[in-house]
There are 2 protein chains.
Amino acid sequence: MVTLADVARDAGVSASTVSYVLSGKRTISAATRARVERSVERLGYRPHAGARALAGSRSWIIALMVPLRTDIHVPVMLEIAMAVTTAARAHGYDVLLLTGDEGAEAVRRVQGSSVADAMIVMDVELDDERLPLLRAAESPAVLIGLPADPTGLVCVDLDFEAAGALCVGHLAGLGHRDIAFVGGAPGVYERHTGFAERTLAGVRAAAREHGVRVLHRPCEGNYASVAATLDRILEERPGTTAYIVQNEAAADPLLALLRQRRLAVPEDVSVVAVCPDDVAERASVPLTSVAVPARDMGRRAVEAVVAALDGRPAAGSVLLPPSLTVRAGSGPAPAAG
Amino acid sequence: MVTLADVARDAGVSASTVSYVLSGKRTISAATRARVERSVERLGYRPHAGARALAGSRSWIIALMVPLRTDIHVPVMLEIAMAVTTAARAHGYDVLLLTGDEGAEAVRRVQGSSVADAMIVMDVELDDERLPLLRAAESPAVLIGLPADPTGLVCVDLDFEAAGALCVGHLAGLGHRDIAFVGGAPGVYERHTGFAERTLAGVRAAAREHGVRVLHRPCEGNYASVAATLDRILEERPGTTAYIVQNEAAADPLLALLRQRRLAVPEDVSVVAVCPDDVAERASVPLTSVAVPARDMGRRAVEAVVAALDGRPAAGSVLLPPSLTVRAGSGPAPAAG
DNA sequence: GTGAAAGCGCTAACAC
DNA sequence: GTGTTAGCGCTTTCAC
C-alpha cells in the first residue's frame, strides 16, 4: 500500500505538504505542487479512508436507509438510491446502504461509530420511531418523505397533498363527478406512511372544494387485487368516470381490466396516475400523471446533507411542487347517460 | 463521543483489556468482563469505525456495485442489493453502494483507499472491463453473474443456460413445437450481458436436442414494444404455441395482448417466464417459471466474500441449479388445427 | 489475566 | 511557502 509518507519521500517534500497539496488548504508553489502531483500519479497513491476519517473526523460517507418492504414501488426506491449515490459522489462522498428493517438501531450504530458523517432516511412514517434519534443527533440527517411533525428535521419530498389536489382538479375540470382513488397497498396506510396519507388528504380536500365525489380504495400492485378493487368500485359507484392511481404497479393491470370491460380510455373513463414519468409513458395507454421526481429528490437530499456538513444550515424542508402532464389517459367526462 | 479510554477509565481497567473483552481475542476473568460490559452499556460506547479500520486494517465494509441501467429488471437488482446488505450485517459488515457507471475507476478507488475490505459486483458483462482489476486485486471480489472467462474469479449466478434449457424441455414435453423466446431489451444483448447470452444458448441447445423451433426476439419491457414484438412473432411464425419470457416487465403486457387476441392461456398458448417467483405468481395468469433466486444469490455472494476475508479461500464459482415451478400459465400444446 | 506502549496513515495546529 | 509534531481512537505486540 502506498502511503502519504511514500509520496512525500518520492517528491522530496514533507508529509504535510503532500496533504496540503491534496486538500488545497494552503497555498503551494507551482513547482512543489507539480512534483507532488507527479509522485501521487506515479505511485498511484490513494489516501487511506480510515486514517483520513480518524485524523480529519470526517468519513466522507453518507448513510442511506432504504426500506426493505415490497409494498411500495421498488423502482422508485432504487432510482432515488442511485440518484443519492451519484449526487454524493459528485461531492466526494460515498454511500453506505442500510436496510430499513434495522430501524432505530441502525441510526444509533451509524451515529455512534462515526462510520458516516450524515444520514438520509427513506420511507418515513408519519410518526416514525427514528425521528427522536435523528432530531437529537449531532450529525445531519435528511428525510426523503415528510412525517407528521417535521420540526427540527430537514425533509425533502414531493408535495403529495398538492399532487392529490392537482389530480382531482384536472379531472373536475374535465367534468368528472365520480372519481375513484386507487391507492397504495393497505400496509402503506396501516403504517401511516407520509406520502400515502398526504395524497389522500389532498384528494379529499380538493374533492370537497370542487364538489365531486371520491371513493378511496387501497390496492395491492397485482392483477388479482386490482381486479377485485375495480369490481368493488364499479359495484358501489357504477357512475365512476375517472380513476386516480397512486400504486405504480396497479396502473397497467387497471388499464387491461378496463379494456376487458369495454371501457375505452379516455372516451369512457379517464385514468390519472401519481408515478414516475417513465411509468406513465410506458403504460399501454400513456397516462396523464403527476410525476414523482425520484432523481430530483435524491439529488436535493444530498445537497441538503452536504450543505449542513459544510456548515451551511439547511433551511427547513423542501416540498417539491407537483406538476401534471396531460397524456392520452384523460379526457372530458362522457355525457351523462 | 465515547472512546475506549472512557470505558477503560469507567471500568477501572486498561484500554487493551477493553479491546480484548470486545474482540474476545484473549481470555478475560468473568469479573473484569462484567465490569467492562457494564461500562460499555452504561456509556453507550461504539468503536470508532475509522480508528478500528486504521489499527486493525479491516474496515468491516463490503463494497457493492449496482448497475445504474434501467433495461434490466430493477426489482431483482434491489432485491439482491438488500439481500447482500442483510447478509453482510449478519457477519458484522456494512455495505458501500457503488453505481455501475463509475466502472473500473470505482474499483481502483475502493481498492486503493481501503474504504472496503472486499467487493461484490453485479451486472457483469461477458468481457467486462473491471475483470482484470478484480483478478489482480489483493482484496476479495465476488461477481454476481458469470463472465466469458471466470478464471481466477469467484462468481455466483443462476445457471441461466440450464434455466433456458429447462423452459424448452418443459414446453417440448407438453408437445409444443413452435416456441417464441421474448428476451431482454436489445441493449442487454449489445452489452453481451452474461445471463442473457447464456439463457439464449441454453434455449437454442435444448431446442436442437428436442427438435423444436425457437424464434428469439429481444424486447423492451413496455406495452408498445411487447405489442410490436408479438405482432412480428405471429407474422413470422403463426403456429407459435408457447412463449418463454425473460424480461420480467414484459410478462404482464404479453398476457394482456394474448387475451386481446382471444388466445387463452394455457389452452391456446403457454407462457413460461424466467423471473423471481413473486412476479410469476402475481401475473394476471400465474406463470410457470424458472425462479431467479435473488435473495439466495445475494446471500451466497456475501458468504463467499466473508469466507475469503476469513482466510477460507472460496472454491471457484457457484452456479445455482434452476428450478421450474409449474403454474397455470403452461399446458399441453393444442391439437394441431 | 492484565497493563504499557508502539504504531496504523492521516490532518492540522504551530513554527519559521 | 514549507517543515515539524502532536494527536485522532483503536489493535496488538511485548512484558509481567
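Atom set for the values below is all heavy atoms of this structure, side chains included, hydrogens, waters and symmetry mates excluded. What you are looking at is a predicted structure, and each value in this text was computed from that prediction instead of being measured. Residue numbering restarts at 1 for every chain, and letters A, B, ... go by the order of the sequence lines.
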Revision key, fill the gap. On a heavy-atom basis, the closest approach of A:G50 and B:A53 is CA-CB, 4.3 Å

**Study point:** 5'-most by nearest nucleotide on DNA chain C - A:L22 or B:A30
**Key:** B:A30

Review point. Just how far, in rounded Å, is C1' of C:dA12 from CZ of A:R58?
Key: 15 Å

Point to revise | Integer-rounded Å distance: D:dT11 C1' and B:I28 CD1 | key: 14 Å

Review point. Can a side chain N or O of B:S19 be found less than 4.0 Å away from OP1 or OP2 on D:dT12?
Key: no

**Study point:** Interatomic distance, A:L4 CG vs C:dT11 C1' [rounded to whole Å]
**Key:** 9 Å

**Study point:** B:R9 CZ - D:dG9 P separation (whole Å)
**Key:** 11 Å

Check your understanding: Taking atom P of C:dG1 as reference, at what distance in whole Å does atom CZ of B:R33 sit?
Key -> 10 Å

Review point. OH of B:Y45 versus P of D:dG9: gap in Å, rounded?
Key: 10 Å

Exercise for review: Can you tell me the distance, in whole Å, between the NE2 atom of A:H48 and the C1' atom of C:dC10?
Suggested key: 10 Å

Practice item. Quick one: label B:S23 by what it contacts on the DNA or RNA (base, sugar-phosphate, nothing), any heavy atom closer than 4.0 Å. Key: nothing

Practice item. State whether A:E125 and A:R69 are salt-bridged, where the test is any N-O pair (Lys NZ or Arg NE/NH1/NH2 against Asp/Glu carboxylate O) under 4.0 Å. Key: yes

**Study point:** Flag side-chain contact, heavy atom, 4.5 Å: B:D157 against B:L319
**Key:** yes

Check your understanding: Is any side-chain N or O of A:R52 under 3.5 Å from a base N or O of D:dG9, one able to act as donor and the other as acceptor?
Key -> no

**Study point:** Between C:dA15 (C1') and A:R26 (CZ): distance, integer Å
**Key:** 10 Å

Practice item. Give a yes-or-no answer on whether the side chains of A:S14 and A:T17 include a donor-acceptor pair shorter than 3.5 Å. Key: yes

**Study point:** Exercise: identify the closest heavy-atom pair between A:D117 and A:S139
**Key:** O-CB, 3.4 Å

Review point. For the base of D:dT4, is there a side-chain donor-acceptor partner from A:S16 under 3.5 Å away?
Key: yes

Check your understanding: Hey, is the side chain of B:Y20 pairing donor to acceptor with the base of C:dA4 inside 3.5 Å?
Key -> no

